[in-house]
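The block underneath contains the structure these notes are about, expressed in structure tokens.
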Amino acid sequence: MRIPIQSVTPATGSAEIIGWVHEVRDLGGLAFFLIRDRTGIIQVTVPKKKAPESVLAAIKAVSRESVVRVIGNIKAMEKAPGGRELVPDVFEIINASESPLPLDVVEKVPAELDTRLDARFLDARRPRVAAVFRIRSAVIHAITAYFEKNGFTGITTPKIVAAATEGGTELFPIAYFDKEAFLNQSPQLYKQMMMAAGFEKVYEIGPIFRAEEHNTTKHLNEATSIDIEVSFADHNEVMKILEDLIVATYAHVKDTCGDQIANLELADFTVPKAPFTRLPYADAIEIAKKKIDEPIKYGDDISSAAERAIGAEMGSHYFIVDWPTEIRPYYAMPYEDDPSICRAFDLMHPRMELSSGAQRVHQHDLLVQQIAKKGLNPESFEFYLRPFRYGMPPHAGWGLGAERLVMTMLNLGNVREAVLFPRDMHRLVP
RNA sequence: GCCCAGGUAGUGUAGUGGCCUAUCAUGAUUGCCUGUCACGCAAUCGACUCGGAUUCGAAUUCCGACCUGGGCGCCA
């Protein structure tokens, strides 16, 4: 019976392990093999004078990163990693690896991200990379658990859609039988329709597609969006949900992913403290004005430089609230007493934007007005507008970028590190 | 879409007109080595993205193509 490497201790006695040959150190009369599975690494020590003939033949033939099965006695050995080593009676090559390898799994020589992504299956054998995706899994688990515990209904909405309804971003056109169709940029409109359906609290974790030709360390053309929509809630209530969720997610990762955090050398991994500061947009602009040279005025979008400057000033997660209505989408609800600003917000990490959301316009006629004000044609929004005529409850929601959440949580330099197979302007394979 | 920087052994790099039969590390192959943990030692193998131009001479300069990294705008 195979035992996970992590579970092998000096008390194990005889053990069978299966894994990949991580490193080989042949000293002549004595050879060391580090064998790795997803749980850890163990040293296999072969004293050549005492080893069976079959073991000697196998260790002579084996190459790095081959899959091997090793059976033998476990000895306590202080000099060995993990305080134990396996002396093999059986050393079987299950499947040999070609050499040379497309990249160095041990990373004596670091590979560039592009090279790593080309050989992602090998790259992901590196414990450090595996740790990122183990944590990403825990993040998604924590978020799903939070939603289910708090009465949300998980939904899935179409990724193939007929029209560019949200405006703003570019969409990928696709051939759909004899019709033109697009990959959806956001589940926004469908979430809102489910408010009209009376679901009250919905969430979706799924792919979104943006055809923007950007070339940065924080953009992807296919990303994972964590989305919610809540009826009878305003922007403040969904911001509260968002900060609770962020805290709960960090806490879950801290509780359950200690090994991975250690592996990533995140000694100062800390759970952020709620409540996050609510920074009015107007104040954010003032901070940016003071700290950077480029001209900035009220009503501008917040540039990357401004985003970094404000982030440095704030130091931890914060919300930017009370945005000018003019620079937010038509579905953001203006304040009654000052319609020039609206009930929209962004959740910011000091490095970048993580989420944006708003209380939505739920009144049909106001929505038509706002669509027209943005220079869009309300007639092409009929499928979206229709539910607003049949008892649409007031509601609010947000979308949170899963990759950016993981990237900022683990202090990754590039958002591509947070996706197994990233899609960007240049990369469609693998 | 705009702007900048790049493409040299499997991997990561040095090399700014002749000293390049191209540096170093890692790797692979072979040999030696009984406590390695980036094991050590020795030998060997392995590369200038492609096409054109300039020049006596191009990895190096110029033009074009292809590929890549990053910044901006915009966004998650």
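It should be emphasised that the depicted structure is a prediction, and the values quoted were computed from it without experimental measurement. A, B, ... follow the sequence lines: proteins, then strands. Residue 1 opens every chain.
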Checklist line | Nucleotide pairing, RNA chain B (Watson-Crick or G-U, distances under 3.5 Å), in dot-bracket with [ ] and | | finding: (((((((..(((.....[.....)))((((((.......))))))...(((((..]....))))))))))))....
Margin query: Rounded to whole Å, please give me the gap between NZ in A:K49 and C1' in B:G35.
Written below: 14 Å
Margin query: Using a 4.0 Å heavy-atom cut-off, does A:L354 contact any base of the nucleic acid, only the sugar-phosphate backbone, or nothing at all?
Written below: sugar-phosphate
Note to self: Categorize A:A402 for me: base, sugar-phosphate, or nothing, with a 4.0 angstrom heavy-atom threshold over every strand shown.
What the structure shows: nothing
Notebook entry, point to check: Tell me, for nucleotides 68-73 of chain B in 5' to 3' order, what letter each nucleotide earns: B for a base near a protein heavy atom under 4.0 Å, S for only sugar-phosphate near one, - for neither?
Noted result: SSBBBB
Next item on the list: Would you mind classifying the nucleic acid contact of A:E307 as base, sugar-phosphate or nothing, using non-hydrogen atoms under 4.0 angstrom?
Entry: base
Check: Between A:E222 and A:R427, is there a side-chain N and carboxylate O pair less than 4.0 Å apart?
Finding: no
Next item on the list: Can you tell me, in whole Å, how much space there is between the C1' of B:A47 and that of B:G52?
Entry: 23 Å
Notebook entry, point to check: Reckon A:M77 touches a base, only the sugar-phosphate, or nothing at all at heavy-atom distances under 4.0 Å?
Noted result: base
Note to self: So, does A:R25 get its side chain near the phosphate of B:G40, meaning an N or O under 4.0 Å from OP1 or OP2?
What the structure shows: no
Margin query: Both A:V24 and A:K48 contact RNA chain B. Which one's nearest nucleotide lies toward the 5' end?
Written below: A:K48
Margin query: Once you apply a heavy-atom cut-off of 4.0 Å, does A:A111 come out as touching a base, just sugar-phosphate, or nothing?
Written below: sugar-phosphate
Item checked: Whether A:F319 and A:F276 hold their rings parallel, tilted or perpendicular, with breakpoints at 30° and 60° -> tilted
Note to self: Whole angstroms only, please: what is the CG-P distance between A:D123 and B:G12?
What the structure shows: 12 Å
Item checked: Nearest-angstrom distance, P atom, B:C72 to B:G15 -> 28 Å
Next item on the list: Before giving the answer on salt bridge (charged side-chain N to carboxylate O under 4.0 Å, His left out), spell out for A:K289 and A:E286 the whole-Å C-alpha distance, their side-chain angles and the decisive distance to 0.1 Å.
Entry: CA-CA 5 Å; A:K289 262 188 199 167; A:E286 287 309 311; 3.3 Å; yes
Check: When we call it a touch if two heavy atoms are under 4.0 Å apart, what does A:L220 touch: a base, just sugar-phosphate, or nothing?
Finding: base
Checklist line | Pair A:E204 + A:K159, salt bridge at N-O below 4.0 Å | finding: yes
Notebook entry, point to check: Does A:K75 have a side-chain nitrogen or oxygen under 4.0 Å from the phosphate oxygens OP1 or OP2 of B:G35?
Noted result: no
Notebook entry, point to check: So what does A:E85 touch, heavy atoms closer than 4.0 Å: a base, only the sugar-phosphate, or nothing?
Noted result: base
Item checked: Spacing of the C1' atoms in B:A9 and B:C24 (rounded, Å) -> 13 Å
Next item on the list: Give a yes or no on whether a salt bridge exists between A:E65 and A:R125, defined as a side-chain N under 4.0 angstrom from a carboxylate O.
Entry: yes
Checklist line | Whole-Å P distance, B:U11 and B:U49 | finding: 13 Å
Note to self: Using a heavy-atom cut-off of 4.0 Å across all strands, would you classify A:T115 as base, sugar-phosphate, or nothing?
What the structure shows: sugar-phosphate
Note to self: Closer than 4.0 angstrom, basic N to acidic O: yes or no for A:E107 and A:R128?
What the structure shows: no
Next item on the list: Examine B:G27: is either OP1 or OP2 under 4.0 Å from a nitrogen or oxygen in the side chain of A:K108? Give yes or no.
Entry: yes
Notebook entry, point to check: What does A:P47 touch in the nucleic acid at a heavy-atom separation under 4.0 angstrom: a base, only the sugar-phosphate, or nothing?
Noted result: nothing
